[in-house]
Amino acid sequence: MIRFTHVGKQYPKGDPALDDVSFHVNRGEFVFLTGPSGAGKSTILKLIYVDTRPTYGEVRVAGQSSVTMSARQIPALRRRLGVVFQDFQLLEDRTAEQNVAFALEVTGTPPTQIGPRVARVLTQVGLAAKATALPHELSGGEQQRVAIARALVNDPLVLLADEPTGNLDTRTTRGIFQLLRDVNARGTAVLMATHDLALVKSLDFRTLELNQGRLVYDSGAQRHTTADELDRPGAGPDVRDGDAP
Amino acid sequence: MNLALREALRAFRRAPMLSALSVTTIAFSLFAFGLFGLVALNLGSALAQIEERVEVRAFIASGTSPEATAAVVGDVGSFPEVASVRFVSEVQALDRARRELGEFEDVFEAGILPASIEVRLRDGFRDPESVRSVSKRLEVYDFIDDIRYGEEWVEKVYRLRNIATAAGLSLGLIFALVAIIIISSTIRMAILARSREIRIMRLVGATNQFIRGPFLIDGFLKGLLGGLVALLLTWVTFEFVGQYVVQATFFGTRLAVVGVLAGALIGLLGSAVSVGRHLGKV
Ligand SMILES: Nc1ncnc2c1ncn2[C@@H]1O[C@H](COP(=O)(O)OP(=O)(O)OP(=O)(O)O)[C@@H](O)[C@H]1O
Ligand SMILES: [Mg+2]
């Protein structure tokens, strides 16, 4: 579903941010993206949601290739992805439910569908009781739940999380992480960039480790090319990548 | 569209100071433009009135037969440059002089003032060149004694009008340019203030076209409001000047509507350019 093939990224200044990175992520996987600051974690996520394009190589996401995709096709691709950040990126003048509804409104969802769908995801992230609270009336963990609800409301194929717990204390972190696991259990792939090595090591999840733009370790490189991974239930034929091995 | 309008109105509510600044900027730019336009309009109409008085007067030797005079009047009336020809007899000339200089009426005696024909020229033929050419053709008649058309005066008015037109156009252009620059930078500020919103919209997959909508409506409404305020300011100033300084004419309804719509258009274009630039950056 996500495939990087010899991808390099060079920003106008400095050393290469990514250097010959290849990996792929299947539907429904949970993957950690680790590495020291400046290793290129955020850059990988940006390449996936096409905030930027690779300098060389190819990034394929949900059947779209970074080589052939036009700017006009980007919005349609982003509707199939959910993205959350360390700083939540909520609109301060809108309530929790308005923030979530915003994602549906701006993608032209029929108004009658918006209310029920917003209520459903807010319940899923455990914030139904705070639907009408403004962001500044919510704790950091609650704000991140709103952001996750917004990312989920379009039923994405994959949730991209860039240090989603970076601003949160240990207990809140555990709660958010549990939520991401629940999301994953319902079939949504999760790609999570994190500094939290304790968290990564405590779990036997697939881990991609970057260092200075190079992919230095992929714990699941072998395992995830097996046939039973590709055929796991929930991987509908409509979303199967044309280039899946 | 409904949603776009709602988002546009939300911008007004959320950033009232910035919105007021945008409207004020547009209003004052258009106000300056309006005052300038008012001066140009009144100067233009004053000059046009003066120009209308341009006429060629040919004095007729006494004793010329009425038939000959009538023939000249007919001939001259068919010149393409000529709007009207009027014969003024000796008696009429005397009457007029007495009327215009009432207190000296005794000074005038019959026979002092010669008969004449007064030739008025069509619009567009009041320049020195045409005036001279018409008077040349009048000289041909040998019973015409003298021709006057105030050479110097005609040239002066004509030159003044040319200068006024050129100055008006270039000043107006500069004004419009400055207004557009100021307005688009206030709009750019408004967009920067909402860049977070734009970023999130893009992130969740809103199309550029969709993102643009509320900003265009926002710019249009601010421009429209600015235009109305400018019209009001101009009108108040006009009334004030009319009362204490000099009577003048105001814009007609059509010009006023055009001015307000120009404000709306500037707001719309300013928004389109700024948001386009902002969206282009990826
Ligand atoms: N927009 C940009 N322009 C120029 N250089 C950039 C840009 N974004 C990232 N970089 C550079 O690319 C490299 C990788 O950055 P990236 O943000 O991907 O790292 P990261 O692994 O997410 O780091 P962190 O853990 O601190 O978030 C860094 O050297 C960074 O300075
Ligand atoms: Mg980062």
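What's counted below: heavy atoms across the whole structure, side chains too, no hydrogens, waters or symmetry copies. These numbers were taken from a predicted model, which means no experiment stands behind them.
The environment of B:F28 atom CZ is sparse: at most 12 non-hydrogen atoms of other residues, nucleotides or ligands sit within 6.0 angstrom. More than 12 non-hydrogen atoms from other residues, nucleotides or ligands lie less than 6.0 angstrom from CZ of A:R53. Few gaps surround CD on A:E92; more than 12 heavy atoms of other groups in view lie less than 6.0 Å from it. Remark: B:E129 CD is loosely packed, at most 12 non-hydrogen atoms of other residues, nucleotides or ligands lying under 6.0 Å away.
Within residues 99-107 of chain A, the residues having any heavy atom under 4.5 Å from a heavy atom of chain B are, by residue number, A:F102, A:A103, A:E105, A:V106, A:T107. For residues 139-156 of chain A, heavy-atom neighbours of chain B at less than 4.5 Å comprise A:R150, A:N154, sorted by residue number.
Between A:Q89 and B:R199, the shortest heavy-atom contact is OE1-NH2, 3.0 Å. Nearest heavy atom pair, residue B:R196 against residue A:L90, reads NE-O, 3.0 Å.
For a residue to count as touching a neighbouring chain, one of its non-hydrogen atoms must lie under 4.5 Å from one of that chain's; by this rule A:L77 does not touch chain B.
The salt bridge (Lys or Arg N to Asp or Glu O under 4.0 Å) pairs that include a residue from residues 37-47 of chain B number zero, where partners must be two or more places apart or lie in different chains.
Note that the CG atom of A:D93 and the CD atom of B:E197 stand 6.5 Å from one another [nearest 0.5 Å].
Residues that satisfy the side chain to side chain donor-acceptor pair (under 3.5 Å) test with B:T237, not counting sequence neighbours, are absent from this structure.
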